[in-house]
Amino acid sequence: MEKLYIHEIRPDGEISTVGLFYSREEAEKIVAQLQSLPEKSGCRYEIVEEETVR
Amino acid sequence: MRGTTPRREQGMADPVLASMVHAMGLESAPHYSAAKPGIQAYRNRWAELAKFRDGPVNPQRIEGNDPAGMARQIKAKAMELGADLVGICRLQPHMIDLGKDVPHEFAIAACVAEDYEKVLLGADAVEEEAMRVYAKCAEIATDLAAHIRSCGYPARAHHNGGREVQAIPIFYQVGFGELGRHGSLIHEKYGSSFRPGIVTTDLPLAEDRPREFGVQDFCLNCNVCRLNCPGDAIPDDYVRTHGIKRWLIDLEKCYPYSRLREEYCHLCVDVCPYNVKSHPDTFRAFLKQRKKVGYKTPQSR
Ligand code: SF4
Ligand code: SF4
């Protein structure tokens, strides 16, 4: 199974890991839901295999 | 208030578990198919309570101008209903499931401790105790929410029968303790041997504060849960979520032991040294058993 971390990068540069997911489809669905929230509009998301942001 | 934290679905609704089960040519996870009648009865109990999570609010509202006094009363009520630990915080978006709306200002965590002595009796006894406590928490949350509604304030119970909030961020914020390497929150007296009942409400309440007493630093050097995990599912490295260290359990490695076998697995929590304070003799006897069967052996005695 694929292992993918979603990291949230906040406007001030702080990184907060959303979680560990097991398919790109699941991870992308979660990122899309997060991006639709007004309070997250300034955040960027990375879906990566590493525990840390590239 | 709309939530921002994804929830991993439980049971066969979890896509990771479903795909592993289907790859074995099965319809359901062996752990669930093998549930004994006593355990099934507890599951039925929280399912029955699902329809009483929310309800009509008494139009005659009691005075709400003393949040500290009201918090004391609510905590006393939760204890009277059978809770061992009660804490209150202001509800925040990261405590709510992603996309779910909870229209309340406060969260009350009313938790029940498990009888740690059961660890010496094996996995079935540990599981039955966990399910008993989950059912008790569902009853407490249901009754506490009904009590608050009878005082004239909206209130909703969250438990295994239905929930929109997440226990760990609430436990942290109400000051129960800190998140451990094994993925559960650690209380200084009960370790992680307690289960959640939660009520969200608009009743004005004084808030508790987070309390840190060195758990996360201790976890950096303690590897007892990792050494005992039969699936090697507990990681060395941590990530940070909202500034707090979090060790993410690898479910693909955990499930073969915790869901794809008939026997329950709760070893990571049961071997944690934070159980020693409440049950020193049992903890030592249990660790002796673990050494005898061999660390990483998927059996509890
Ligand atoms: S439940 Fe069992 S297999 Fe899963 S992380 Fe804990 S000890 Fe490991
Ligand atoms: S067993 Fe040790 S490392 Fe694991 S959660 Fe408990 S204190 Fe932390």
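Here is how names work: the chains are called A, B, and so on, in the same order as the sequence lines, proteins then strands, and each is numbered from 1. For the numbers below, each heavy atom of this structure counts, side chains included, while hydrogens, waters and symmetry mates do not.
Interface residue I30(A): backbone and side-chain heavy atoms are both found under 4.5 Å from chain B.
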**OP:** Given side-chain contact (heavy atoms from CB on, under 4.5 Å), test L20(A) with L251(B) step by step and report yes or no.
**Re:** CA-CA 9 Å; L20(A) 173 58; L251(B) 299 179; over 6 Å; no
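The nearest pair of heavy atoms linking P6(B) to V18(A) is CG-CG1, 3.6 Å.
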Short of 3.5 Å, which donor-acceptor contacts do chain A and chain B share? List atoms and distances.
unit_1: M1(A); atom_1: N; unit_2: E252(B); atom_2: OE2; d: 3.3
unit_1: K3(A); atom_1: NZ; unit_2: D250(B); atom_2: OD2; d: 3.4
unit_1: K3(A); atom_1: NZ; unit_2: E252(B); atom_2: OE1; d: 2.5
unit_1: R10(A); atom_1: NH2; unit_2: H242(B); atom_2: ND1; d: 3.0
unit_1: S16(A); atom_1: OG; unit_2: H242(B); atom_2: N; d: 2.8
unit_1: T17(A); atom_1: N; unit_2: R240(B); atom_2: O; d: 2.7
unit_1: T17(A); atom_1: O; unit_2: T241(B); atom_2: OG1; d: 2.6
unit_1: T17(A); atom_1: O; unit_2: R246(B); atom_2: NH1; d: 3.4
unit_1: V18(A); atom_1: O; unit_2: R246(B); atom_2: NH1; d: 3.4
unit_1: Y22(A); atom_1: OH; unit_2: D250(B); atom_2: OD1; d: 3.1
unit_1: Y22(A); atom_1: OH; unit_2: L251(B); atom_2: N; d: 2.7
unit_1: E26(A); atom_1: OE2; unit_2: R8(B); atom_2: NH2; d: 3.1

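Checked against ring pair (Phe, Tyr, Trp, His ring centres under 6.0 Å), F176(B) has the following partners two or more places apart in sequence or in another chain: F171(B).
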